[in-house]
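Below, read A as the first sequence line, B as the second, and so on, with proteins coming before strands; counting in each chain starts at 1.
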Amino acid sequence: MYREYKGLNLPQIDQEILEFWEANQIFDKSVEQRSENNRFVFYEGPPSANGKPGIHHVMARTVKDLFCRYQSMKGKRVERKGGWDTHGLPIELNVEKELGITKEDIGKTISVEEYNERCRETVMRYKDMWDDITRKMGYWVDLQNPYITFENSYIETIWWLLRQLYDKGLLYKGYTIQPYSPAAGTGLSSHELNLPGAYRDITDTSAVAQFKLKGAVDEYFLAWTTTPWTLPSNTALAVGKDITYLKVRTYNRYTGKLISVILAKDRLQAYFTEPNPELKPEDVKAGNKPIPYLDIVEEVKGAALEGMEYEQLMPYVQPDKPAFRVLLGDFVSTEDGTGIVHIAPTFGADDFKVARENGIPPLTIQDSLGNPMPLVDKQGRFVKEVTDFAGRYVKDYGQEEERPVDVDIVIKLKEEDKLFLSEKYVHSYPHCWRTDKPVLYYPLDSWFIRAMAVKERMFELNQTINWKPRSTGEGRFGKWLENLQDWNLSRSRYWGTPLPIWRSESQQEEICIGSEEELRREIEKANEALGLNQSVPKDLHRPYIDDVVLVSASGQPMKRETDLIDVWFDSGAMPYAQWHYPFENEKVFENNFPADFIAEGVDQTRGWFYTLHAIAAMVFDSVAFKNVVSNGLVLDAEGNKMSKSKGNVLDPFETIENYSADVTRWYMMSNANPWDNLKFDLKGMEEVQRKFFGTLYNTYSFFALYANIDQFFNKAPQVPLSERPEIDRWVISLLNSLVKEVDADYADYEPTQAARKVQNFVNDNLSNWYVRLCRRRFWKPSEQQNGSKAAMDKDKLAAYQTLYECLITVSKLMAPTAPFFADWLYRNLNNATGMENHESVHLADFPTASDAVIDKALEQRMDYAQRISSLVLSLRKKEKIRVRQPLHKILLPILDNHFQEQVEGVKELVLSEVNVKDIEYVTDTSGILKKRIKPNFKTLGRRLGKDMKDASAAIAALGQEDISRIEKTKQFLLEVNGNSYELTLEDFEITAEDIPGWQVASDESITVALDITLDAALEAEGMARDIVNRIQNIRKDKDFEVTDKIRVALQRDDAIVPAVERYGDYIKAETLTADLQMVETVDGEEIELPGEVKVRISVEKQ
RNA sequence: AGUCUCGUAGCUCAGCUGGUUAGAGCGCUACACUGAUAAUGUAGAGGCCGGCGGUUCAAGUCCGCCCGAGACUACCA
């Protein structure tokens, strides 16, 4: 028996199927039944169990799950090893918040050991919740043997990878300018700068300084800065190559001296008002306002300024190489300032870069160890070499002083006639989130991966990757690769993978450790050489690893560089580290590299996607993945990003409990492409639930109800397709077309296309057309009167077989996206028939389409049938003739024989659908058709070109005779603007527009007319149908079983006599009436029939 | 600031390589239908296809600029 249900309860189906999967290990079987030699490799991007799962995780994981399930059904072995991302700043922050400590406390109030122990505990805080959502949403991933990034084996693989990079010369220590908090004494990551509240508006003293040209008299470059404290460190100026610069003569507003200044033409009006050849020094004294000038003496492009030299502005320290030149910088703009940028390589990333590219040195002094250091120390104070300001803080670090040092610098410049202008300036400036004090951009030592060296190769490899959507790969990711910078690996933190590099104090000797074994050997060596008693720490994290001292070739002790590495390296290393390659599982790794498929949010483009790609390219000269889907964000119904502060986050557990996992998954996939942002709207969820799952459920229920009655369990041989009715062949043809398309969509990572096509098929074709039109075939009362089983004739059998095939195929097509309902449907069907020996749809093969049964002509035919029916129904509606009233005929204009043949094939369907007796074809030759002619723009456009417009008007003006002549001769000589063109029938679109004297309806290419005259026979039949309808309603009201036989007594009335006399048998057959009487008085309810006829009727069970 | 995505009916989305009445579903209104009924059919209202400019005989579709939403990247001096 097919299971029957009282109503659709999707969350309950989730539950039931989930229990079934677990009890029978369906996931394991789905993997293990497939050959190891036919793999589809998937990498799971590890989530961090340190935060709770959100609805966007359901999105990302639906994408991952569905392609894995699909490939699994296509016969691939798809192992899905889960994983956990366990390192990183968010975890540290969490711990600190819980303990109420800051980073300064580490090593003081809490030991590194304890601190890391807390991190390790915290990391898996929400693991249970993650496992739960994974299970409930139907995400199949192996949670039994996940990789965990904090395990020693994982770290060892990372060390091995770093060693590979080291040996290739791709790992180096260097300087960069990084955000640095002097108050906290630590560098900050860009993540920390992006914390809320980090950027705040502050007021600084800005200065436009005058840099004196070498070899000229009182000529100056003007450069603007909001950080005057960087001026002593200036070593260059930057201009834009294509920016136009002016040399302007004026007076200095502070000293009244005649000067010539150079600045960008676009910035002139920011500093000057108008020219005045009569200008006097006293005219320019007005405060900070723009001043007049004498004249403009020169205009040049920035390129012409390149290489010009100027005198050092604040000569406290001398550079060790030639400096103080004008450089070209592409970052120079004319939106602020003077269009000339002051360059202090020690305090700006752009500055650092452009200076290095041009061989300009930074201004540095030597620290106590003889290493170069900038003119500001790590506490944020000027060094003693900057005599005037020695020891003063460059920003507000809570010191007490009369004026900020910036102001004193400005005063000094003013006194020295080097200041053009100084103003207060309000701008947004980053602050350290822990100390609340301003951040400095400061040169810091860091370890880098020389990613730029493999830039081209990464770019090439990227071109072999199939990105979904393409634009992310070519645009966002491709552009990112083009502008690739070296990868800053260093993080000065505690909970993460330690950098396995040890250095001697002189910094001259170093070693990069690539395995635990190597570490052991080196430790033994060191123990011997230095007389120590160390061993390999049980835990490779800090602080234990920091205690290890190694020995250099020259016998010097070496200490570990205290940096940890960027956690992104952890996740990018997962293809290797998840298997502890190369220390174990060499074969396994080789079989699972690179991945066929990965998926993650677009925000991972520069995260996981990049680090996977970079490591694979650098270490293995390979891609890490062949196909990648990057999904967009999940927004709320208004299109706002979901965030805790807005309170618009959706609890995924609640959503799944209320609507089911399948509705959630289906909604997410069908509503928008996964790479577009999804506006998550519960109304849309309800629509999916009702329209798609509701309809499919109804279709199944309908099938189950009658199949059970008829004992149809698909045991009889299949009726050959050629012997099935047109509509069966049609739906099977569509079904096979569908299989083909959906298969291609899934293979092409287009889940939205696939879902929408399945949905359209189920709603429009299967339910609203096939089942609706075929209802009678499942329910043939006349043949059921003498018992049920005998009633199975070939037509009915064909109907059952056809519907069964559609349903079971749909269950497979939808299985990747809606795994629960699909399995429910599949098992309900297959458990009753036992046709396939799979216990679950997820163990079945994806359907294959048979081209032999795809009949495009038939599909077109049925399309005609649907359109003709729709037009006839709209005519009925317009004429207010109910559908139960039969009519004589439809008039159908025929423009070509092929159309008539096609319609002939579906004639019976149309007639029964619209309740009309016949179709009469009105051919061209009858002369009563009125036609419309339009040019075929596609064929004519190219030929006619500019004449097209006039031709279009000329063709529209053609009369009926012209049209029929064109149809007969199949040619036409068109003359426009003195040009003549030979046109053929192809160059026109001719449609029947009207049948004069008839009511017509038409869509794009089909026109129909309806004969609405009635005669006695038709009226009687119409009445009979209405009587059937009323009796059926009563049966239903009285809750009779569909198989119950009844006795009916009708009150005699002239209006119904012809109907009962002529169509009594029909009425009886339709309503399972054994005995139908017309009597004078009836003790029963009153029914109303057309023509305001009211009669009494009694309906009783026999 | 740069890079990328998106902008079509009240809402969610289709609109293929440019081709002439711009579509669907939901919602709304009205009318039908009724042994699939938490369904279904038909009709109606509802569109400066974000704006401006360009290419073209022809632009929702191609190009440029701008506006709006979002993401990522970024020390704008």
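N979(A) and D947(A) share a donor-acceptor pair across their side chains, judged by distance under 3.5 Å alone. Between the side chains of N671(A) and W666(A), no donor-acceptor pair is found at a separation under 3.5 Å.
More than 12 heavy-atom neighbours from other residues, nucleotides or ligands sit within 6.0 angstrom of CD on E423(A).
Distance, N234(A) CG to A77(B) C1': 11 Å, rounded to whole Å. Atom P of nucleotide G19(B) and atom CZ of F988(A) are separated by 21 Å, given to the nearest angstrom. Distance CZ (F937(A)) to C1' (U56(B)): 14 Å, rounded to an integer number of Å. At whole-Å resolution of the value, CZ in R932(A) and P in U21(B) are 7 Å apart. Rounded to a whole Å, the CZ atom of F778(A) is 11 Å from the P atom of A36(B). Atoms CG (N765(A)) and P (G41(B)) sit 12 Å apart, rounded to a whole Å. Regarding F692(A), its CZ atom lies at a distance of 17 Å from the C1' atom of C13(B), rounded to whole Å. Rounded to an integer number of Å, the gap from D676(A) CG to C6(B) C1' is 7 Å.
Under the 6.0 Å cut-off for aromatic ring centres, W229(A) and F347(A) qualify, their centroids lying closer than that. Checked against the 6.0 Å centroid criterion, the rings of F680(A) and Y667(A) qualify as a close aromatic pair. Between F609(A) and F477(A), the ring center distance fails the sub-6.0 Å criterion. Aromatic ring centroids of Y800(A) and Y706(A) lie 6.0 Å or more apart. Under the 6.0 Å cut-off for aromatic ring centres, Y180(A) and Y442(A) qualify, their centroids lying closer than that.
Of the candidate nucleotides A77(B), U21(B), A14(B), A77(B) has the atom nearest to the side chain of H342(A). Distance from the side chain of M948(A) is smallest for G19(B) among the nucleotides U40(B), U42(B), G19(B). Out of A77(B), G41(B), A58(B), the shortest distance to the side chain of K949(A) is found at A58(B). Of the candidates A77(B), C26(B), A36(B), A77(B) carries the atom nearest the T227(A) side chain, counting heavy atoms from C-beta on. The side chain of V771(A) lies closest to A36(B), out of C11(B), U42(B), A36(B). With distances taken from any side-chain atom of S870(A) to the nucleotides U5(B), U42(B), C57(B), the minimum falls on U42(B). Distance from the side chain of V332(A) is smallest to A77(B) among U40(B), C33(B), A77(B). Which of C6(B), G27(B), U40(B) sits closest to the side chain of R690(A) comes down to G27(B). With distances taken from any side-chain atom of N698(A) to the nucleotides A39(B), U5(B), C26(B), the minimum falls on A39(B). Which of A36(B), C11(B), A77(B) sits closest to the side chain of T699(A) comes down to A36(B).
Between K395(A) and D406(A), none of the side-chain N atoms (NZ, or NE/NH1/NH2) sits under 4.0 Å from a carboxylate O, so this pair counts as no salt bridge. Using a 4.0 Å cut-off between charged side-chain N and carboxylate O, E913(A) and R772(A) make a salt bridge.
L873(A) comes within contact range of the sugar-phosphate backbone alone, with a heavy-atom separation under 4.0 Å but no base atom that close. Using a 4.0 Å heavy-atom cutoff across all strands shown, N936(A) reaches no nucleic acid atom at all. Contact annotation for G945(A): base contact, defined as any heavy-atom pair under 4.0 Å involving a base atom. Residue-level contact check: G684(A) touches neither bases nor backbone, having no heavy atom under 4.0 Å from any strand.
Rounded to whole Å, the C1' atom of G50(B) lies 6 Å from the corresponding atom of G7(B). A14(B) sits 26 Å from U3(B) when the P atoms are compared, rounded to a whole Å. One P atom belongs to U56(B), the other to G18(B), and the distance between them is 16 Å to the nearest Å. A gap of 11 Å separates the P atoms of C63(B) and U5(B), to the nearest Å. Spacing of C1' atoms, C16(B) relative to C62(B), comes out at 15 Å, to the nearest Å. With both ends at atom P, the span from A39(B) to G27(B) equals 9 Å, rounded to whole Å. Between U61(B) and U17(B), the two C1' atoms lie 11 Å apart (nearest whole Å). Using atom P as the reference point in both A45(B) and G25(B), the two lie 16 Å apart (nearest Å).
When the side-chain nitrogen and oxygen atoms of K691(A) are compared with OP1 and OP2 of U40(B), one or more of them lie within a distance under 4.0 Å. Listed pair N671(A) / C13(B) meets the phosphate criterion, a side-chain N or O lying under 4.0 Å from OP1 or OP2. Dashed line: the shortest gap from a side-chain N or O of K934(A) to OP1 or OP2 of U21(B) is under 4.0 Å. An OP1 or OP2 oxygen of G25(B) is reached within less than 4.0 angstrom by no side-chain nitrogen or oxygen of N763(A). Taking side-chain N and O atoms only, R772(A) has no distance below 4.0 Å to OP1 or OP2 of U40(B).
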Item to check | Which nucleotides of RNA chain B pair, in dot-bracket form (Watson-Crick or G-U under 3.5 Å, | meaning another strand) | outcome: (((((((..((((.....[...)))).(((((.......))))).....(((((..]....))))))))))))....

Checklist entry - Are E750(A) and K468(A) close enough, and set up right, to give a salt bridge (charged side-chain N to carboxylate O under 4.0 Å, His left out), and what steps lead you there? => result CA-CA 8 Å; E750(A) 291 279 358; K468(A) 284 287 177 177; 2.9 Å; yes

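With hydrogens and angles ignored, no donor-acceptor pair closer than 3.5 Å exists between the side chain of T230(A) and the base of A77(B).
Nearest-nucleotide mapping onto RNA chain B: of S701(A) and T225(A), the residue sitting toward the 5' end is S701(A). Sequence order on RNA chain B of the closest nucleotides to N768(A) and A223(A) puts N768(A) first from the 5' end.
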